[in-house]
Amino acid sequence: NGMFLHFSISYQATEGTTNTTVTTTAVNTTISGLQFGTRYIFYVAFVGRGGAGPAAQISALTLQADPSQPSATHTVSTTQISVNVSVPIARYVLDMYCVTFTRISVSNVMDNPPVVTTLCNSSNVISL
C-alpha cells in the first residue's frame, strides 16, 4: 500500500487556468518553461500503490527577466542635449534607469579632462 512509486507535482499560474502535472522519482526537480514575473502554485504529493497522499502546497514567484538594450535618440542645441530613451517596457517592470555621459571641454582638454557622470532616476525625467 505505502510503497513509493513517484512524486506528483502539479502547478499553474495563479492567474491562469491551465494545470500541468509532472511525475518524478527524484527528490530535487527543476520545473522549466515558466513565465517570468509570474506567481505559481505548486502541489507536491507522494504517490504509492494505494494512490496519491495529501499534497503539500507551495507558492513561488519567478524572477523578472533582464530587459533588452534600450534604443536612444538625441537632439542637440547650443545649451542642452535632450536624450529620448525607448525601453521595451511592455514586457518589463521599469524600476530605475541610469544615464551615463561624458563631458568634454572643447577649449582645452589638457586643463579640463573629460568628466564621466552617471545619473539614475526612477521617473522619466532627470534634472541636471
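Partners of F7 according to the ring-ring contact (aromatic ring centres under 6.0 Å, His included) rule, which considers only residues two or more places apart in sequence or in another chain, are F4.
Under a hydrophobic-cluster definition in which Ile, Leu, Val, Met, Phe, Trp and Tyr are linked whenever side-chain heavy atoms come within less than 4.5 Å, directly or via other members, L61 and Y40 are assigned to different clusters. No continuous path of ILVMFWY side-chain contacts below 4.5 Å connects F46 to Y43, so the two sit in separate hydrophobic clusters.
Listed here is the closest heavy atom pair of A45 and G53: CB-O, 3.7 Å. Closest approach of A13 and T38 over heavy atoms only: CB-CG2, 3.7 Å.
The shortest side-chain heavy-atom distance between T21 and S8 falls under the 4.5 Å cut-off.
Annotation: Q35, atom CD; neighbour count of heavy atoms from other residues, nucleotides and ligands within 6.0 Å does not exceed 12.
Rounding to the nearest 0.5 Å gives a distance of 4.5 Å between OG1 of T20 and OH of Y11.
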Show the atom names and distances, to 0.1 Å, of all donor-acceptor pairs under 3.5 Å that link a side chain in residues 22-34 to residues at least two apart or in another chain.
residue: T24; atom: OG1; partner: A26; partner atom: N; Å: 3.0

* To do: Check the pair Q12 / T17 against side-chain contact (heavy atoms from CB on, under 4.5 Å), numbers first and verdict last.
  => CA-CA 7 Å; Q12 74 180 52; T17 56; 5.8 Å; no

